[in-house]
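Order of appearance sets the numbers: ligands from 1, and atoms from 1 within every ligand. Source: prediction; values computed, not measured. FYI, side chains are in, hydrogens and waters are out, and symmetry mates aren't considered; it's all heavy atoms of this structure.
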Amino acid sequence: MAERIDHNNCRILISNDDGIDAPGIRILEKVARELSTDVWVVAPEMEQSGASHSLTTRRPLRLNEVGQQRYAVDGTPTDCVLLAVKRLLRDRLPDLVLSGINGGSNVGEDLTYSGTVAAAMEATLLGIPAIALSQDYADGGPVPWDTGEAFAPEVIRRLLHLQWPEHTLFNINFPPVSPGEAKGYAVTHQGKRAIADNLTEGVDPRGRPYYWIGQMREAGSAEPGTDVCALSDNKVSITPIYLDLTNIPVLSALRKVFEG
Ligand code: MN
């Protein structure tokens, strides 16, 4: 268990995968400033949705100062957190990393693709408590940012009162409705959705075929207790995510097969 975070002297680092100019990161900055006077933003220059936990190793990276305690990196969310922790803030490390607020939910299988969650993973690997935040929205509708903005401060405050569990980040998803229509909180486990086939095919101006990957999951029937189900019930979903990916119950059967 990590030490409790000192609320009065908390340094917060913010990142995301939608890019430093995305609306959600501005909202998260506002939320963070309600909790602390020492807020830093290090985020990708360009959108990195779907970048997952990728790390840029084949070219140099730049840390460009774009405002007071705001930096843009020409890389991935993981690059941003790594540069912030290992260089920019190395003399006084962040106490908390917040990633988001992502435009769109990150539930079920999204966690394996999400750059938003990956920024929180990187912080967790570096030993810093981290929370990923995403705002769900109805297909084709506007993103109800008010909902994330209304619930995020309270969610973060309550999580900061925990003894932070090791190797764990918290994945928060806000429901696709207005703050008044939200039905409170649900503590959830990672769910699953049906696999869709949403590949757009075409021919480019030079006559070569192309494929464009769209939304590859669809709601289906959500299992109770999951992040997917909480959002369909219009609740704020809170999921503890553990970074040890081992399937522990399988270990003993596997040992019998390989070790006798
Ligand atoms: Mn995104």
Asp18 backbone or side-chain N/O/S under 2.8 Å from the Mn ion (ligand 1): yes

Looking at the Mn ion (ligand 1), is one of the N, O or S atoms of Ser134 less than 2.8 Å from it? no

Judged by modelled atom types alone, do Asn64 and Glu45 share a side-chain donor-acceptor pair under 3.5 Å? yes

For Pro129 and Asp95, work out which heavy atoms get closest and say how close. CD-O, 3.4 Å

Residue pair Ser237 / Thr188: nearest heavy atoms and the distance that separates them: OG-OG1, 2.8 Å

Less than 4.5 Å apart, side chain to side chain, heavy atoms only: is that true for Val143 and Pro23? no

At the Mn ion (ligand 1): angle between Asp17 atom OD1 and Ser49 atom OG, to 10 degrees: 100°

